[in-house]
Amino acid sequence: MEEILGARQLARETLVETAVRYAEDRHWDVVPGTSVQDGAMGRRCSCGHPACSAPGAHPLHRDWAAQAASGPAMIRRWWDEHPDAAILLPTGRVFEVIDVPEQAGCLALARLERMGIPLGPVIATPTRRLQFFVLPGARDKMPEMLRRIGWGASAIDLVCRGDGDYVVAPPSPMGASGTATWAREPTEANRWLPEARELLSPIAYACGRAMAEA
């Protein structure tokens, strides 16, 4: 029992310390999300809705966008009150995210690395998605950028997450699926994010190929 409690405490410390590190080292705004709770009916979201579509993967507060902060004191206060809260990173501020299916994302990641194109951090979600960090300002231009390289915005499974949205950051649990992880961790080498247009053609091609194979 002591070992189990110790493991839970370590996980909680990892969440709060990681949230603080994102704020201090990367200057990312952070906001607490809900958490996944084990119960008699299985794993459920702490929001209390039995049919929650994103257990442990949505904001804890309704006014999350206004509350998001990068101050360590505020972050520690949130996680003192909600130690199992997921770490959410608002998009559209310091970065936006190109969100694609896992198969296409892995294909694109390998191709981008072979081409020597600089990449930012990349999140791998347990819901089988890869999320590429890019400079803000891409979402509004995305339909036109896709059209120029021969893809319709609705023809492939590619979503650009910008202002008013967020991503679930590692090592946050996400429902019964697992935990968000880094496919490419934030490091000094990828502190400077690429423009979306630099990555878009290989990513769109990979999405189209994955859809054709499916």
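Quantities reported herein were computed from a predicted structural model and do not represent experimental measurements.
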* **Single-linkage hydrophobic cluster V168~I98, side-chain heavy atoms < 4.5 angstrom** => no

* All salt bridge (Lys or Arg N to Asp or Glu O under 4.0 Å) counterparts of R148, not counting sequence neighbours -> E144

* Minimum side-chain heavy-atom gap L89-I87 below 4.5 Å -> yes

* With sequence neighbours excluded, residues passing side-chain contact (heavy atoms from CB on, under 4.5 Å) with D63 -> H61, Q67

* Asked: Mind checking whether V100 and I203 have side chains closer than 4.5 Å, heavy atoms only?
  -> yes

* To do: Please name all residues satisfying ring pair (Phe, Tyr, Trp, His ring centres under 6.0 Å) with F133, sequence neighbours left out, ordered by chain then number.
  => W28, F95, W182

* Asked: Under 3.5 Å, side chain of N190 to main-chain N/O of T187, donor-acceptor pair present?
  -> yes

* **Pair W79-V30, side chain to side chain contact (heavy atoms under 4.5 Å, CB included): steps then yes or no** => CA-CA 11 Å; W79 266 268; V30 173; 3.7 Å; yes

* Who pairs with E188 by salt bridge (Lys or Arg N to Asp or Glu O under 4.0 Å), at least two apart in sequence or on another chain? -> R191

* Would you sort out whether V97 and F132 count as a side chain to side chain contact (heavy atoms under 4.5 Å, CB included), showing the intermediate values? => CA-CA 5 Å; V97 159; F132 293 77; over 6 Å; no

* Connected hydrophobic set around Y205, excluding itself, where side chains approach under 4.5 Å -> none

* Do L193 and Y22 belong to the same hydrophobic cluster, where Ile, Leu, Val, Met, Phe, Trp and Tyr are linked whenever their side-chain heavy atoms lie under 4.5 Å apart, directly or via other members? -> yes

* Partners of A65 by side-chain contact (heavy atoms from CB on, under 4.5 Å), sequence neighbours excluded? -> R93

* To do: Just jot down the salt bridge (Lys or Arg N to Asp or Glu O under 4.0 Å) partners of R197, sequence neighbours excluded, or say none.
  => none

* Asked: Do L107 and L199 belong together in a cluster built from hydrophobic side chains that touch within less than 4.5 Å?
  -> no

* Asked: After noting the C-alpha distance and the side-chain angles of D29 and V94, does the key distance pass the side chain to side chain contact (heavy atoms under 4.5 Å, CB included) rule?
  -> CA-CA 8 Å; D29 283 345; V94 180; over 6 Å; no

* To do: Could you list all the salt bridge (Lys or Arg N to Asp or Glu O under 4.0 Å) pairs where at least one residue sits in residues 131-143, not counting sequence neighbours?
  => none

* Linked, directly or transitively: V167 and W78 (ILVMFWY side chains, under 4.5 Å) -> yes

* For the side chain of E96 and the backbone of T91, is there at least one donor-acceptor N/O pair under 3.5 Å apart? -> no

* State plainly whether the residues R76 and E81 are in salt-bridge range, i.e. N to O under 4.0 Å. => no

* Asked: Does E102 have any salt bridge (Lys or Arg N to Asp or Glu O under 4.0 Å) partners at least two apart in sequence or in another chain, and if so, which?
  -> R128

* Run the side chain to side chain contact (heavy atoms under 4.5 Å, CB included) check on D84 and S46 step by step: do they pass? -> CA-CA 10 Å; D84 295 317; S46 61; over 6 Å; no

Name every donor-acceptor pair, under 3.5 Å, that has one atom in a side chain of residues 111-119 and the other anywhere in the protein, sequence neighbours excluded.
unit_1: E113; atom_1: OE2; unit_2: R184; atom_2: NH1; d: 3.0

* Are any side-chain N or O atoms of T18 and backbone N or O atoms of L15, one a donor and one an acceptor, separated by less than 3.5 Å? -> no

* **Set of side-chain contact (heavy atoms from CB on, under 4.5 Å) partners for P72, sequence neighbours left out** => V20, E24

* In terms of side-chain geometry, is the basic nitrogen of E213 or R209 positioned less than 4.0 Å from the acidic oxygen of its partner? -> yes

* **Residues that S201 engages under side-chain contact (heavy atoms from CB on, under 4.5 Å), provided they are two or more places apart** => I149

